[in-house]
Protein chains: 2
Amino acid sequence: MHNGRVRHSVTIRDVARLAKVHPGTVSRALNPDTRALVNAATAERVADAAAQLGYQPNPIARGLKTNRSFTVGVLVPDITNPLFPPILRGIEDRLSRSGYTTLIVNTDNDSERERAALETMRARHVDGFITATARLEERVLSGFALSGTPIVLVNRGLEDGSLPMVGVDDRAGTLLAVEHVSSLGHRQIGHVAGPQDTSTGHQRYLGFLDAVASCGLDVEACPVSFASAFTEAGGARACAELFADGRELTAIVAANDLLALGCYDVLAQRGMRCPEDLSVVGFNDIPFIDRLRPPLTSVRVPQRDIGAAAGDLLLECLADPAAGRQIWLEPTLVVRGSTAAPRDPRRGSGTERLPA
Amino acid sequence: MHNGRVRHSVTIRDVARLAKVHPGTVSRALNPDTRALVNAATAERVADAAAQLGYQPNPIARGLKTNRSFTVGVLVPDITNPLFPPILRGIEDRLSRSGYTTLIVNTDNDSERERAALETMRARHVDGFITATARLEERVLSGFALSGTPIVLVNRGLEDGSLPMVGVDDRAGTLLAVEHVSSLGHRQIGHVAGPQDTSTGHQRYLGFLDAVASCGLDVEACPVSFASAFTEAGGARACAELFADGRELTAIVAANDLLALGCYDVLAQRGMRCPEDLSVVGFNDIPFIDRLRPPLTSVRVPQRDIGAAAGDLLLECLADPAAGRQIWLEPTLVVRGSTAAPRDPRRGSGTERLPA
DNA sequence: CTGTTAGCGCATTCAT
DNA sequence: ATGAATGCGCTAACAG
């Protein structure tokens, strides 16, 4: 055995030689699904030989034959958004324990990049997809689903609920938020809504309208402004709009935490304080949002659990393509320092510093 | 063509048939490296046929032949640590534009998980590794490097600098931090150090000692406490230790932002305010750390650039295994609200809430 | 129960 | 410049 071995790894054939059996037998002996087909004694001999040589099956060669890669593609808008890392860990957790490797791709909410990513991954023969990038009018995804590759949606769903998905009840979550500020005495509550082409943006908006009604608030006093993206900048723009026409507001319910952060920015600009001058509620309860100034009251979604459930669901779909259900987890409200009773429920009173 | 096509994608043979050439010719025509070998006219005919059929080369089959997978493995301790997502984006940015797909794995700083991850990825025939998980006494990594698979380190390096790496000058960064508080008038400065089995933890510690000397501070007045992990909890424990023996401190330089957050926790517990009672400096300048209460002064490391440089460096190593240099980027200091002049440089006194 | 054979899709010799 | 043949490492279908 000269030592110049560059990369010539040990193959099934080497094991066969050592165990004095046919390569086919090695394959059967080493594959859990087919081990039963082979004599226990030979199986063990093969296993020993494999161990001795440090044999590692080559998943690439296997995939060529079986048309399975044991990889799954995961699409997120932007891994830099703190919402996603915990979800990804949940996904990886479940998938890796079943032998799957995950390929993560950022799409930046660009449908062209999304298409390209799906294409690349399809070329790599991923066995399935999990995507957090769904938009309501999505056509691409449905197309892929039809092609036979399982797709599971996380966080965001489709209009028609035609694909398997894991998420929280966005309307219920928003209701929690509105009820909270409403019960604190707020009557003039604005909504900084998310992009309406996402289920999260849309459902939370609808949830806001529902909540305004069910809390007996005056619709006129509860304006809505739509952000074009779930970003801090988007939230700031939308929030500024809310104040543009000289409206009186004592609370804002934002469609996610990043939008709420944008609201914080606008408050700071206008010399208003939170929660004294304005209460703010976010959605998602992303990591570190509890460390902000002030700590953000937010609707918590169990991020890691969502990811784990998505992983499990994809596993189901992989095993039985007809599976594919929807899983809804419960959002809960986490009250922190960004919400308080309005200074004066009927009218902003006294020392009010701030017009602009 | 009956429609029951399940997953039978179009192969090089289908293209050959349509273009009326041999499969081998298709392979040559479609591969940029060998296109020159084929008549321009036929090449075009092949390209057309491929386009018409929507042919996608199968990287799995290709890899089986070429022993390259065009995938690279990326190891991070925990994607949930805000430091890593930007780095990962930088890596993905460079690698994907060269046709590589990245496999990301969390190791939780567990060397067993790390070994397993490397093994899994090796089995998948990744072409190279980028890892942010290096520990100084690392043996595994060197072993892999020897096996011929290029490895690039990010953020953390090895003791001996034997592997290609991209990072910042940790000692210089810490010097910036200490000089800053020192110039504000602090003389009793503690260091919450990171794990000493990581280069970042160790170098920043050494940098602190250097800085204490070069700023003319009294070593006795500048205690160090070591955290066992770069986490908030670790930082809290270490910070508490710093105060345990009734020490007087007016500033703390932490070895990273998460540790600094832990210091914040201890301050809150002890009823101390930052920066009035104690200044705190972090390291890394992770996302959202500027939104904390108070905004953290931190040594900024260009995270995304580091990732991009690591991607480029791996590409170099892939092209020329003998490459492998070290790349050092400059850290800079970002001053925010967590640092201010001590209330009284000589002794914590009266009402003075801050000059600065 | 095990050996044999064939072929997954492609790149790469060698001929021509 | 192109066709033909071979094999990467593995699994699956069929014999025996």
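Chain naming here is simple, since letters A, B, ... match the order of the sequence lines and numbering starts at 1 in each.
One finds the OG1 atom of A:T11 at 13.0 Å from the CD atom of A:Q56 (value rounded to the nearest 0.5 Å). Rounding to the nearest 0.5 angstrom, the gap separating the CG atom in A:L118 from the OG1 atom in A:T120 is 8.5 Å.
The base of C:dT13 is paired with the side chain of B:R28 by a donor and an acceptor separated by under 3.5 Å. A donor-acceptor contact under 3.5 Å is not formed by the side chain of A:K65 with the base of D:dG9.
Note that the two end axes of the helix from C:dC1-D:dG16 to C:dT16-D:dA1 enclose an angle of 40°, each drawn from 5 base pairs, rounded to 10 degrees.
A salt bridge is absent between A:R89 and A:D93; no separation between the charged side-chain nitrogens and carboxylate oxygens falls under 4.0 Å. A salt bridge links B:R17 to B:D14: one of the charged nitrogens lies within less than 4.0 Å of a carboxylate oxygen.
Distances shorter than 4.0 Å separate none of the side-chain N or O atoms of A:R62 from OP1 or OP2 on C:dC8. Between B:T25 and D:dG3, a side-chain N or O to OP1/OP2 separation shorter than 4.0 Å is present. Not one side-chain nitrogen or oxygen of A:T11 sits closer than 4.0 Å to the OP1 or OP2 atom of D:dG9. Put simply, A:H22 has no side-chain N or O that comes within less than 4.0 Å of OP1 or OP2 on C:dT2.
Crowding of A:E44 atom CD: a count of heavy atoms from other residues, nucleotides or ligands under 6.0 Å not exceeding 12.
A side-chain contact (heavy atoms from CB on, under 4.5 Å) with A:S69 is found for exactly one of A:L103, A:D127, A:L64, A:I60, namely A:D127.
C:dG7 atom P lies 18 Å from atom CD1 of B:I12, rounded to whole Å. The distance from atom CG of B:L37 to atom P of C:dT16 is 19 Å, rounded to the nearest whole Å. In this entry the distance linking CG of A:L30 with P of D:dT11 reads 9 Å, nearest Å. Computed from coordinates, the A:R45 CZ to C:dC1 C1' distance equals 12 Å when rounded to whole Å. Distance, B:R124 CZ to D:dG9 P: 17 Å, rounded to whole Å. Distance CZ (B:R13) to C1' (C:dC8): 9 Å, rounded to an integer number of Å.
Heavy atoms of B:P23 sit nowhere under 4.0 angstrom from any nucleic acid atom.
Toward the 5' end of DNA chain D, the nearer of the two residues B:V38 and B:L64, judged by each one's closest nucleotide, is B:V38. Residue order along DNA chain C, read from the 5' end via each residue's closest nucleotide, puts A:T42 first among B:N58 and A:T42.
The nucleotide whose nearest atom lies closest to any side-chain atom of A:T66 is, among D:dG9, C:dT2, D:dA12, D:dA12. Closest to the side chain of B:N31, out of D:dT2, C:dC8, C:dA11, is C:dA11. Relative to the side chain of A:V21, the nucleotides C:dG3, D:dA1, D:dG9 differ in distance, and C:dG3 lies closest.
The closest side-chain heavy-atom distance from A:V21 to A:V46 is below 4.5 Å.
Under the 3.5 Å distance criterion, the side-chain polar atoms of B:N81 are left unmatched by any main-chain donor or acceptor of B:F84.
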